[in-house]
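What follows is one structure encoded as structure tokens, with my remarks underneath.
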Number of protein chains: 2
Amino acid sequence: MGKLAHDHTAEDCVELVTIFQNLSAIDKKTVATLVTHHHYKSGEYLFSAGDAADSLIIVAHGQAKVFQMSASGKEQMLRILQTGDFDGEAALFSNSEHNSYAQALMDTAVCQISRTDFQKLLQMTPELAVNMVNALGRRVGQLEQQTTEATTASVESRLANYLLETSAGLDEEVFTLPLKKKDIATYLGTTPETISRKLTALTKQGMIEKISNNEFKILDADRLMLID
Amino acid sequence: MGKLAHDHTAEDCVELVTIFQNLSAIDKKTVATLVTHHHYKSGEYLFSAGDAADSLIIVAHGQAKVFQMSASGKEQMLRILQTGDFDGEAALFSNSEHNSYAQALMDTAVCQISRTDFQKLLQMTPELAVNMVNALGRRVGQLEQQTTEATTASVESRLANYLLETSAGLDEEVFTLPLKKKDIATYLGTTPETISRKLTALTKQGMIEKISNNEFKILDADRLMLID
DNA sequence: CGTCTGATTGAAGATTGTCAAGCGTGGTGG
DNA sequence: CCACCACGCTTGACAATCTTCAATCAGACG
């Protein structure tokens, strides 16, 4: 078995996902019996707008982007699903259809739980419900933040924040942008050209340093934060 | 007792709020014993950024706006709370502080449930948890939509959508804008001046008709929807 | 009648988007 | 192993949208 081929058992999924983590061993076992597995190659869609939203999707390994398509055909990136993230909760109850797309950015393994199984689980496991409310609450907060930034701050400010957030946690000086410029652009609500220009602008002002095409180094975090 | 003075009993609050509506009579009674009441005059704040988020807030009567303040001091409207809407869930678990402001737009009565009481309630009442997940799921969907529109569509398109949504449901030809232009502006991520200009533009193109300062009539809904 | 708040309009300017061309690099096939 | 191709990134010139600042106007209310 090669380095890239992983076996993802049901237990793996359950352990990975925050909303399941503090459940009892028994509950976890129950959850494990309910998940099914799927694998997507880079570029494949986990779901598309209009698809029936009949299951909760958990990323067991890999990375996927979730985005909407506007009437005029523009993409708007909503979030990046990392290992352990899940999606589908929003549409799982209220709507019957997805209104967004999820596309694998690399080879990605996901676990799914069907809507009906998940609802039963929720009724039986109060802790799970609390975890779920928690996770959704955080998500609401994130989205409120994203909306506010997108409409009140300049592209330069949004980009600066994005760089700070992306580099945060990594102790290393140099960090790699996890997305293509085009995807960063739709995440920040702008265009690849503008991203390119703003990055060179920040470089010229000495706040960041460009190592390679997608590797950068933060030189002056304080000044980056103050861009308005 | 005058027209504007209402008595809001605990039962009223419970009945008003969707997340409580399909609970058993017994559960509703329990909820009713836990709520406290507050009254705010127009302009007063229900909470501010930085306040401890220690309770769920339910609007029993009136209207309030929820907004964030950007670093540069710009307001971003997040939502309007109508009678029966609630807020505070987002911060109720994950964070200990509000990161937004809620301000009464008219005299407003609210009911509150403390964080600890609400958490107990959640554990005891699986149906409530499911309702909660539902409500939060809808909210996530709304926010995703708002973010996408704000960053991909022109102001004219966003305004057209706003007018269509605001007039939807009302059978009457003429409808009243529920917000001041300034608030509509921050909701759509723009300025009052631009709102003003776009409204006259839409009027000149014959898609809407201006009745009074804040009363309008939709003349050509189809064309409004197609603005890109 | 005067004042205060919000709405409108104009002119100027900045930011960002669009279109088009050129560059660099990594991967593929000859 | 090299040449070429494809894709993404960069850069430039230009256009459009939107914001800002300022002045004026309209309506509500004491």
Side-chain angles (χ1 to χ4, degrees), chain A residues 41-43 65 70-77 103 105-106 149-160 162-163 176-205 208-216 227-228, chain B residues 42-43 65 70-77 103 105-106 148-160 162-163 176-205 208-216 227-228:
Chain A
K41 292 207 178 65
S42 181
K65 64 171 177 175
S70 76
S72 51
K74 277 190 196 167
E75 283 185 17
Q76 167 64 37
M77 174 89 72
Q103 185 180 22
L105 292 176
M106 54 177 74
E149 272 203 27
T151 54
T152 59
S154 68
V155 171
E156 198 159 330
S157 164
R158 280 176 268 161
L159 178 57
Y162 176 78
L163 293 175
T176 305
L177 293 178
L179 297 175
K180 293 180 199 155
K181 298 265 159 71
K182 183 198 151 216
D183 285 330
I184 299 177
T186 82
Y187 181 67
L188 299 178
T190 180
T191 61
E193 291 95 330
T194 301
I195 294 286
S196 204
R197 285 186 243 273
K198 295 301 180 187
L199 278 175
T200 67
L202 292 177
T203 304
K204 274 181 190 156
Q205 292 168 54
I208 60 174
E209 187 185 339
K210 177 176 178 173
I211 308 296
S212 78
N213 214 320
N214 57 353
E215 286 177 320
F216 288 84
I227 296 175
D228 107 332
Chain B
S42 181
K65 65 170 178 175
S70 77
S72 51
K74 278 191 195 169
E75 283 186 18
Q76 168 63 36
M77 174 91 72
Q103 185 180 23
L105 293 175
M106 54 176 73
T148 300
E149 273 202 27
T151 54
T152 61
S154 68
V155 171
E156 198 159 331
S157 164
R158 280 177 268 162
L159 178 58
Y162 177 77
L163 293 175
T176 305
L177 292 179
L179 297 175
K180 294 180 200 153
K181 298 264 160 70
K182 181 197 151 217
D183 285 331
I184 299 178
T186 82
Y187 181 67
L188 299 178
T190 181
T191 61
E193 291 95 328
T194 301
I195 294 287
S196 204
R197 287 185 241 273
K198 295 301 180 186
L199 278 174
T200 68
L202 292 177
T203 305
K204 274 183 190 153
Q205 292 168 53
I208 61 175
E209 187 186 339
K210 178 175 176 171
I211 308 296
S212 80
N213 214 319
N214 57 353
E215 285 179 319
F216 288 85
I227 296 175
D228 110 326

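Each chain gets a letter, A, B and so on, in the order its sequence line appears, and its residues count up from 1.
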Which is it for B/Tyr187 and B/Ile195 under the side-chain contact (heavy atoms from CB on, under 4.5 Å) test, yes or no, and what are the steps along the way?
-> CA-CA 11 Å; B/Tyr187 181 67; B/Ile195 294 287; over 6 Å; no
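Rounded to an integer number of Å, the gap from CD of A/Glu156 to C1' of C/dA14 is 13 Å. Rounded to a whole Å, the NZ atom of B/Lys198 is 7 Å from the P atom of D/dT17. Rounded to whole angstrom, the span from the CG atom of A/Leu202 across to the P atom of D/dT10 amounts to 13 Å. Rounded to a whole Å, the CG atom of A/Leu199 is 7 Å from the P atom of D/dT10. For the pair A/Asn214 CG and D/dC7 P, the computed distance is 18 Å after rounding to whole Å. Rounded to an integer number of Å, the gap from CG of A/Leu188 to P of C/dT15 is 18 Å. For the pair A/Arg197 CZ and C/dC19 C1', the interatomic distance rounds to 11 Å; values are reported in whole Å. As rounded to whole Å, 10 Å separates atom C1' of C/dA7 from atom CZ of B/Phe216.
When every heavy atom of B/Thr194 is checked against every heavy atom of B/Val155, the shortest pair comes out as CG2-CG1, 3.8 Å. Residues A/Arg158 and A/Ala153 come closest through the heavy atom pair NE-O, 3.2 Å.
Closest to the side chain of A/Lys74, from the set D/dT20, D/dC9, C/dT18, is C/dT18. For B/Ser154, counting side-chain heavy atoms from C-beta on, the closest listed nucleotide (D/dT10, C/dG10, D/dC18) is D/dC18. Side-chain proximity of B/Ser196 to C/dA11, C/dA7, C/dT18: nearest is C/dA7. In the set C/dT16, D/dC18, D/dG8, the nucleotide with an atom closest to the side chain of A/Val155 is C/dT16.
No donor-acceptor contact under 3.5 angstrom links the side chains of B/Gln76 and A/Thr152, judged on distance only. No donor-acceptor contact under 3.5 angstrom links the side chains of B/Ser154 and B/Ser157, judged on distance only.
Applying the 4.0 Å criterion to OP1 and OP2 of C/dG6, one finds that B/Lys180 has a side-chain N or O inside that range. Close to C/dT16, at under 4.0 Å from its OP1 or OP2, lies no side-chain N or O of A/Thr194. Between A/Lys210 and D/dT10 there is a side-chain polar atom (N or O) within less than 4.0 angstrom of OP1 or OP2. Distances shown here put a side-chain N or O of A/Lys181 below 4.0 Å from the OP1 or OP2 atom of D/dT10. The phosphate of D/dC18 has neither OP1 nor OP2 within less than 4.0 Å of any side-chain N or O from B/Thr190.
In the interface, the side chain of B/Arg158 is not paired with the base of D/dT17 through any donor and acceptor atom under 3.5 Å apart.
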Could you run down the sub-3.5 Å N/O contacts of the protein with nucleotides 20-27 of chain C?
none

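For the pair B/Gln103 (side chain) and B/Gly43 (backbone), a donor-acceptor distance under 3.5 Å is present. The backbone N or O of A/Pro192 lies less than 3.5 Å from no partner atom in the side chain of A/Ser196, so there is not a single donor-acceptor pair.
Counting non-hydrogen atoms of neighbouring residues, nucleotides and ligands closer than 6.0 angstrom, the CG atom of A/Asn214 exceeds 12 such neighbours.
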